[in-house]
Amino acid sequence: MLRRHCIRRANLGFIVALGSACTEPAEPEARPTCLDFEEIVSDVPDIPVTYTTEHLDVHIASDRFLCAGSVIDYERHVQYVAGELGIEIQRRIPVYAMR
């Protein structure tokens, strides 16, 4: 049984090695970013800005409640994700809390 398992692994390794040896490396395609879609605009609700942080504009509907500490957590999350992805935030990010 162990021998059959090893043979299957060896065959799989051979197929993977053979497949990767036969293909030409493709040129990386330029991936579109959010900035490439300027013409795609969606309607946003008419809710005033309640909180602002370094990168966020937080809009909260009158029937909603959000602790100010949550806004700080959102900002930290945005900074963490940008740091992990190695990107610089180029625009303010609107956040809507509504029903």
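Worth knowing before you read on, the calculation uses all heavy atoms, side chains too, and leaves out hydrogens, waters and symmetry mates. The model shown is predicted, which means the values in this text are computed figures rather than measured ones.
Applying the salt bridge (Lys or Arg N to Asp or Glu O under 4.0 Å) test to every pair with at least one member in residues 60-81, sequence neighbours left out, gives these pairs: Asp73-Arg76. A salt bridge (Lys or Arg N to Asp or Glu O under 4.0 Å) check over residues 51-60, counting only residues at least two apart or in different chains, returns the pairs Asp57-Arg92.
Residues passing the side chain to side chain contact (heavy atoms under 4.5 Å, CB included) test with Pro45 are Ile47, Tyr96, Met98, sequence neighbours excluded. The side chain to side chain donor-acceptor pair (under 3.5 Å) check on His77 picks up nothing, with sequence neighbours excluded.
The distance from the CD atom of Glu88 to the NE2 atom of His55 is 8.0 Å, given to the nearest 0.5 Å.
When hydrophobic side chains of Ile, Leu, Val, Met, Phe, Trp and Tyr are connected at separations under 4.5 Å, Ile60 ends up clustered with Tyr51, Leu56, Val58, Leu66, Val71, Tyr74, Val78, Ile89, Ile93, Val95.
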